[in-house]
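Computed from heavy atoms alone, side chains included, the values below leave out hydrogens, waters and symmetry copies. The chain is numbered in sequence order, starting from 1.
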Amino acid sequence: MGKKLFLTLAMVFFCLSSQAQNLENMGKPVDLTAYDRGFNHVGIPTSNLEKSLAFYEGLGFRLIFPTDRTQLNGLTFVKLGNTIIELIPKKDQATPMTAGAVDHFCIHISNIKEVYQKIKAAGYKFQKELTDLDYVFEKGETIFKIYGINNEIIEFCEIY
């Protein structure tokens, strides 16, 4: 799975297409193969959290956190097997609610501070700098986010 994920990421990060609008987001190539722990989750925007939660629970997903959703401004994580979806309330409609709407996808990696430094040195454009979070996972996590070539958001996380 790691090799397939890396190849997918390589296509996202390194392919220059004539359709690409934001070449300034493109940094120098960085090989993340040694840090890859697999796909972590996808963030999906929702204009109605309760309906979205009921929909995914109807497919067999179970709420994994938070148990008190008021803690995370409504962010809700559901899981089915190894698949995790982050439901992200969008009241301002900054993300269009259309087919294919995705807020971000997340890759679980090791040695996040080292990866962060490599990606920063390579010149990628950051959406969110290196940040420690202690409100999602019991032992915390560290994340950062970059923009992809098409302005997609790619989150990197290390869960402790």
Please list, chain by chain and in numerical order, all residues satisfying side-chain contact (heavy atoms from CB on, under 4.5 Å) with Ala122, sequence neighbours excluded. Lys28, Val30, Tyr124
Rounded to the nearest 0.5 Å, what separates atom CG in Leu32 from atom CZ in Phe156? 5.5 Å
Are Phe126 and Phe144 close enough that their ring centres sit under 6.0 Å apart? yes
What's the spacing between Asn40 CG and Glu158 CD if we round to 0.5 Å? 11.5 Å
Any side-chain heavy-atom pair of Leu80 and Leu59 under 4.5 Å: no
Does the side chain of Arg37 reach to within under 4.5 Å of the side chain of Ile159, using non-hydrogen atoms? no
Indicate yes or no: at least one non-hydrogen side-chain atom of Leu53 is less than 4.5 angstrom from one of Thr76. yes
Hey, is Lys120 close enough to Glu129 for a salt bridge, meaning N to O under 4.0 Å? yes
Where do Leu49 and Pro89 come nearest, in terms of heavy atoms and distance? CD2-CG, 4.3 Å
How many angstroms lie between atom NZ of Lys79 and atom CG of Leu63, to the nearest 0.5 angstrom? 12.5 Å
side-chain contact (heavy atoms from CB on, under 4.5 Å) against Ile153, all qualifying residues, sequence neighbours excluded: His104, Gln127, Lys145, Tyr147
Atom pair NZ/OG of Lys90 and Ser47 - distance to nearest 0.5 Å: 12.0 Å
Excluding sequence neighbours, so at least two apart, what forms side-chain contact (heavy atoms from CB on, under 4.5 Å) with Thr142? Ile112, Leu130, Asp132, Tyr160
Measure the NZ-CD1 distance between Lys125 and Ile146 for me, rounded to the nearest 0.5 Å. 12.0 Å
Measure the spacing between CD1 of Ile84 and CZ of Phe65 and express it to the nearest 0.5 Å. 6.0 Å
Are the side chains of Ile44 and Ile88 in touch, meaning some heavy atoms are under 4.5 Å apart? no
For residues Cys157 and Ile143, report the shortest heavy-atom separation together with the two atoms involved. CB-CG2, 3.7 Å
Walk me through it: do Thr83 and Phe61 pass the test side chain to side chain contact (heavy atoms under 4.5 Å, CB included)? CA-CA 9 Å; Thr83 303; Phe61 283 78; 4.2 Å; yes
